[in-house]
There are 2 protein chains.
Amino acid sequence: MTINDVAREAGVSVATVSKVINGRYGVAVSTSERVQQVIDDLGYESSLVARSLRSHRTNVIGILVAEFEPFSTEILKGTSQAITDTGYELLAYSGGGRAGTSVGWERRYLSRLSGTLIDGAILVTPTVVEPGGSVPVVAIDPHAGPAGMPTVDSDNFAGASTATRYLLGLGHRRIGFLGGRPDLESSRQREDGYRSALAEAGVAVDPDLMRVGGYRRASTVEPARELLTRPDRPTALFAANDLSALGVMDAAAALGLTIPDDVSLVGFDNIPESALTTPPLTTIHQPIQQMGAAAVDLLVHLMDGSGDRDTHVRLPTDLVERGSARAL
Amino acid sequence: MTINDVAREAGVSVATVSKVINGRYGVAVSTSERVQQVIDDLGYESSLVARSLRSHRTNVIGILVAEFEPFSTEILKGTSQAITDTGYELLAYSGGGRAGTSVGWERRYLSRLSGTLIDGAILVTPTVVEPGGSVPVVAIDPHAGPAGMPTVDSDNFAGASTATRYLLGLGHRRIGFLGGRPDLESSRQREDGYRSALAEAGVAVDPDLMRVGGYRRASTVEPARELLTRPDRPTALFAANDLSALGVMDAAAALGLTIPDDVSLVGFDNIPESALTTPPLTTIHQPIQQMGAAAVDLLVHLMDGSGDRDTHVRLPTDLVERGSARAL
DNA sequence: TACCGCTACGAAAACGTTATCGAAAACGTT
DNA sequence: AACGTTTTCGATAACGTTTTCGTAGCGGTA
C-alpha cells in the first residue's frame with residue numbers, strides 16, 4: 001500500500017496525491033475530494049520513513065532515556081503531556097540499562113536518528129553528549145551544563161542546602177550524606193549544597209560521614225549500612241535522591257533502626273513513591289514533570305528557530321515535610 | 001554526513017562502503033580496513049531511515065503504550081531488558097494519554113511505521129487493534145484475546161478469585177468490588193473471578209457493592225467513597241488494580257477510615273508502589289516485567305517465522321499478603 | 001598464448017515520498 | 001479572435017541506503 005496505489009486508484013499522479021495529503025496549494029477541490037475518498041477507502045497512511053528521507057522533516061521528537069526508572073518515567077509523562085498541543089509526536093528510546101555498553105549509545109542513536117527520523121531530541125541520560133549533532137538537542141539534568149547545549153534542570157544546590165539546613169534546624173549536627181555519582185553534575189551540586197549549608201552553620205564537614213550511593217536503591221544499602229553501624233552513628237542522613245533514600249530505609253530496617261526515631265532521613269526528587277513509604281519520606285521536591293514540559297518547550301522553540309541555543313532553564317525546588325525527619 | 005562522504009574520503013564507491021558496513025562478502029581485507037578506518041574517523045552512522053526504506057528491515061521493534069503509568073512502565077522495563085540479547089532494538093511510542101483522540105492512533109501508528117521503521121510491534125494499549133497490519137504484532141493484556149493475534153496476559157480470572165477467596169477466608173462476606181472499565185477484557189476477567197469466588201462460597205453477588213473505578217487512582221476515589229459511606233458499608237474491598245486501590249486509600253483517608261481496621265483492601269498488579277503504601281497493600285502479583293519479556297520472546301519468534309500466530313501466553317498470578325487486609 | 005574461473009569493485013536501479021518546474025487547460029480581457 | 005493570467009496537474013529529480021549485476025583484473029591451466 002503505497003502512494004502509487006492511491007494514485008492509480010484515483011486516476012491521478014503521485015504528485016497530486018502528495019499535494020492532497022499535505023494540503024498544498026494547487027489542486028482542484030473536486031480532485032482533492034476524490035483523492036481523499038480513495039485514501040479513506042484504502043486506509044492509506046503515508047510512510048513516515050519515505051517522507052522523512054525526502055523532506056527531512058518528520059514532526060517527531062525523540063527522547064533518549066538511559067533507563068526506565070521513576071525519574072525518567074516522570075519526565076516521560078511530562079514530555080508526553082506537554083507535546084500534545086505542539087503538533088509533534090514523541091518517540092522514546094531507552095539504552096536498556098545495560099550500563100556497560102552504554103558508553104556512547106546516546107551519540108550513536110542521535111546521529112542515526114537525527115536529520116532523518118527525528119527533528120529534535122531530549123536527552124535524559126546522565127553521561128555527556130557532544131552537542132555537535134545535526135538536530136537541536138535539549139538535555140535534562142545533564143552531566144555538564146556548559147558547552148552551548150540548552151539544558152533543563154532544577155536548583156540542586158539550593159535544594160540540597162535547604163534540606164541540610166532543615167536538618168540543622170531540627171537540631172541535628174552529625175548529618176550523613178549519601179551522594180549520587182561523582183561524575184554527575186546534579187550529584188556534585190547536591191553535595192555542594194550540603195557542604196555549604198554545614199559550613200554556613202559552622203558545622204565541620206566530616207568526610208567519614210559521606211558515602212557514594214550511586215543514585216540507586218540497591219547500591220545504596222551497603223553504604224548506608226556502613227554509616228548506620230558506626231559507633232558515632234549520625235543522627236540524620238541526607239540522601240542525594242529518593243531512590244537512595246529507599247535504600248537507606250532498607251538498611252535501617254535490616255538493622256532494626258526505625259526512622260525517624262533512631263535516625264532522620266531526607267531525600268531528593270519527590271518521586272511518586274516517596275509519598276508512599278513508611279514513614280512517608282521528607283524530601284526535596286523537584287518539579288519533574290514540569291522539567292519535561294520545559295524541555296519540550298525549549299526544544300520546540302529551538303526547532304522553530306526562535307530559540308536561544310544556550311538558555312538554561314533552572315526550576316525551583318522546595319522542601320516537602322513528611323514523616324521521615326524529626327527534631328533531635 | 002552520508003555514505004557518500006565516506007566513499008569519497010576512502011576513495012571507493014558507496015556500494016563498497018555499504019558492503020563493509022554490513023559485512024557482506026566480496027571486499028578485500030585491505031579495502032575493508034581502510035574504509036572502516038574512515039568510518040571511525042568520521043564518526044559515521046548510517047541512516048536508519050534510508051536503510052529501512054531500501055531494505056525493509058530495521059532490526060527494531062516498536063512498543064506502543066497508551067500512557068506512561070506504572071503498569072506500562074514495568075512492561076517497558078521488562079521488554080527493554082529482554083531485548084538486549086536478541087539483536088533487536090526498542091523504540092517506544094506513546095499515545096500521550098490524550099484519551100479522547102486516541103480512538104485509532106494505534107492503528108495509525110502501526111501502519112505508518114510497519115514495513116518501514118519497525119519489524120514488529122508490541123501493543124500495550126487497551127483498545128482493540130485489528131491484526132491486519134503488515135508486521136507481526138503481539139498484544140499485552142489486550143481488549144480481546146481471540147482474532148488470531150498473539151497475546152500475553154496473566155491469569156486475571158484466577159487472580160481475582162484468589163483475592164476474593166482470601167477475603168472470604170478472613171471472614172468477610174460483604175466484599176465490594178471496584179472494577180476497571182467494562183470494555184477491557186482484563187477487567188471483565190477480574191470481575192468474573194470475583195463473582196465466581198463469591199458464588200462458590202455461596203455468597204450472593206450484590207450489584208450495589210460493585211462500582212467502576214476506571215483503573216485509575218483519581219477516578220476511583222469517588223466510587224470508593226460511595227461504597228464506603230453506605231449504611232451497610234462493606235467490610236472489605238477488592239480493587240481491580242493497584243492504582244484503584246490507591247484511590248480507595250485516598251477515599252478512606254478522607255473519610256477518616258483506617259485500613260485494614262475499618263475496611264480490608266486487596267489490589268491487583270503488584271506495581272512497585274504497592275509495597276510502599278501505608279499500610280503496604282495486599283495484592284495479586286502479576287509478573288509484569290516477565291510479561292514484557294514474554295512478549296519480546298513471542299515477537300522475535302514470530303519475526304523469525306518460527307512462531308505460531310495464535311499462541312496465547314498466560315502467566316500465573318499469586319497472592320502477596322501484606323498489611324491491608326485482616327480477619328474480621 | 002588463449003582461455004577460464006574467481007575475486008574485487010563500481011554503476012545503477014530500486015525503496016516511497018516530496019519539491020520543482022514546465023505544460024496544458026481554463027478563463028478573462030481587449 | 002488574440003492574448004495574458006491563473007489554475008490544475010504530471011514528469012522527474014532528488015533523499016541515503018542496499019542489492020543486483022556486469023566487468024575489469026589476475027593468477028592458473030591447457
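Every chain is numbered from 1 and lettered A, B, ... according to where its sequence line falls, protein lines coming before strand lines. The figures here come from the full heavy-atom set of this structure, side chains too, leaving out hydrogens, waters and symmetry mates.
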K.L.:
Closest approach of Gly292(A) and Ile140(A), non-hydrogen atoms and distance?
P.N.:
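In terms of heavy atoms, the two residues are closest at CA-CD1, 4.1 Å.
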K.L.:
Taking the nucleotide of DNA chain D with the nearest heavy atom to each, does Lys19(A) or Met1(B) sit closer to the 5' end?
P.N.:
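Final value for this comparison: Lys19(A).
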K.L.:
Nearest to the Ala28(A) side chain among dT8(D), dC15(C), dT12(D), which nucleotide is it?
P.N.:
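Ranking dT8(D), dC15(C), dT12(D) by closest atom to the Ala28(A) side chain puts dT8(D) first.
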K.L.:
Quickly work out the Asn4(A) CG to dG10(D) C1' distance and round it to whole Å.
P.N.:
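My rounded result for the distance is 13 Å.
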K.L.:
For Arg34(A) and dT8(D), what is the distance between atoms CZ and P respectively, to the nearest whole Å?
P.N.:
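Rounded to the whole Å, the gap is 13 Å.
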K.L.:
Less than 4.0 angstrom between a side-chain N/O of Ser13(A) and OP1 or OP2 of dG10(D), yes or no?
P.N.:
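So the side chain of Ser13(A) is within the cut-off, an N or O lying under 4.0 Å from OP1 or OP2 of dG10(D).
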K.L.:
Using atom CD of Glu33(B) as one end and atom P of dA8(C) as the other, report the distance to the nearest whole Å.
P.N.:
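Computing the Glu33(B):CD to dA8(C):P distance gives 13 Å.
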K.L.:
What's the closest nucleotide to the side chain of Ala50(B) if the choices are dT17(C), dG16(D), dG16(C)?
P.N.:
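Ranking dT17(C), dG16(D), dG16(C) by closest atom to the Ala50(B) side chain puts dG16(D) first.
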K.L.:
Is the phosphate of dC9(D) approached by Thr31(A) (side-chain N or O, under 4.0 Å from OP1 or OP2)?
P.N.:
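Answer is yes, contact under 4.0 Å.
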K.L.:
Between P on dG16(C) and CD1 on Ile21(A), what's the gap in Å once rounded to a whole number?
P.N.:
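Between P of dG16(C) and CD1 of Ile21(A): 14 Å.
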K.L.:
Calculate the interatomic distance between Ile39(B) atom CD1 and dG16(D) atom P; express it in whole Å.
P.N.:
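Roughly 16 Å, once rounded to whole Å.
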K.L.:
Between the side chains of Glu33(B) and Gln37(B), does any donor sit under 3.5 Å from an acceptor?
P.N.:
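No, because no side-chain N or O of Glu33(B) sits under 3.5 Å from a partner of the opposite role on Gln37(B).
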K.L.:
Considering just the side-chain nitrogens and oxygens of Thr16(B), establish if one lies under 4.0 Å of OP1 or OP2 belonging to dC9(C).
P.N.:
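Indeed not, no polar side-chain atom of Thr16(B) lies that close.
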K.L.:
Hey, is the side chain of Arg54(A) pairing donor to acceptor with the base of dT18(C) inside 3.5 Å?
P.N.:
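It does, because a donor-acceptor pair links the side chain of Arg54(A) to the base of dT18(C) below 3.5 Å.
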K.L.:
For Gly62(B) versus Ile118(B), what's the shortest heavy-atom pair and its separation?
P.N.:
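Heavy-atom minimum between the residues: N-CG2, 3.8 Å.
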K.L.:
Atom CZ of Arg24(A) and atom C1' of dC9(D): how far apart are they, to the nearest Å?
P.N.:
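Nearest whole value for this atom pair: 16 Å.
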K.L.:
Which atom pair, heavy atoms only, marks the closest approach of Val27(B) to Ser32(B)?
P.N.:
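So the minimum-distance heavy-atom pair works out to CG2-N, 3.9 Å.
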K.L.:
Between Ser32(B) and Thr2(A), which has a closest nucleotide on DNA chain C that is more 5'?
P.N.:
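With Ser32(B) and Thr2(A) compared, the 5'-side residue is Ser32(B).
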K.L.:
With respect to the side chain of His56(B), which nucleotide from dT17(D), dT17(C), dC15(C) is positioned closest?
P.N.:
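Nearest to the side-chain atoms of His56(B), counting from C-beta on, is dC15(C).
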K.L.:
Please tell me if Asn22(A) has a side-chain N or O lying less than 4.0 Å from either OP1 or OP2 of dT18(C).
P.N.:
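For dT18(C), OP1/OP2 do have a side-chain N/O of Asn22(A) under 4.0 Å.
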K.L.:
What integer distance in Å separates Leu117(A):CG from dC15(D):P?
P.N.:
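Interatomic distance, CG of Leu117(A) to P of dC15(D): 18 Å.
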K.L.:
Who is the Watson-Crick or G-U wobble partner of dT30(C), with both distances under 3.5 Å?
P.N.:
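By the stated definition (distances under 3.5 Å), dA1(D) pairs with dT30(C).
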K.L.:
What nucleotide among dT17(C), dA8(C), dC9(D) has an atom nearest to a side-chain atom of Ile3(A)?
P.N.:
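Nearest to the side-chain atoms of Ile3(A), counting from C-beta on, is dT17(C).
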K.L.:
Just checking Ser18(A): base, sugar-phosphate only, or nothing, at a heavy-atom cut-off of under 4.0 Å?
P.N.:
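The residue Ser18(A) makes base contact.
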K.L.:
With a 3.5 Å limit on both atom pairs, tell me what dG10(C) is paired to, counting Watson-Crick and G-U wobble, or say none.
P.N.:
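Pairing partner: dC21(D).
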K.L.:
Of all heavy-atom pairs between Leu298(A) and Thr151(A), which one has the smallest distance, and what is that distance?
P.N.:
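Taking Leu298(A) first and Thr151(A) second, the nearest heavy atoms are CD2-O, 4.0 Å.
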K.L.:
OP1 or OP2 of dT18(D) less than 4.0 angstrom from a side-chain nitrogen or oxygen of Ser55(B), does that happen here?
P.N.:
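No, no such contact exists.
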K.L.:
Taking any heavy-atom pair under 4.0 Å as a contact, classify Val49(A): base, sugar-phosphate, or nothing.
P.N.:
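No contact.
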K.L.:
Looking at every non-hydrogen atom in both residues, tell me the closest pair between Arg181(A) and Gly214(A) and how far apart they are.
P.N.:
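In this case the closest contact between Arg181(A) and Gly214(A) is CG-CA, 3.8 Å.
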K.L.:
Between Tyr25(A) and Ala15(A), name the one whose nearest nucleotide on DNA chain D is closer to the 5' end.
P.N.:
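Going by which nucleotide is closer to the 5' end, it is Tyr25(A).
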K.L.:
In whole angstrom, give the distance that lies between atom CG of Leu53(B) and atom P of dT18(D).
P.N.:
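Nearest whole value for this atom pair: 11 Å.
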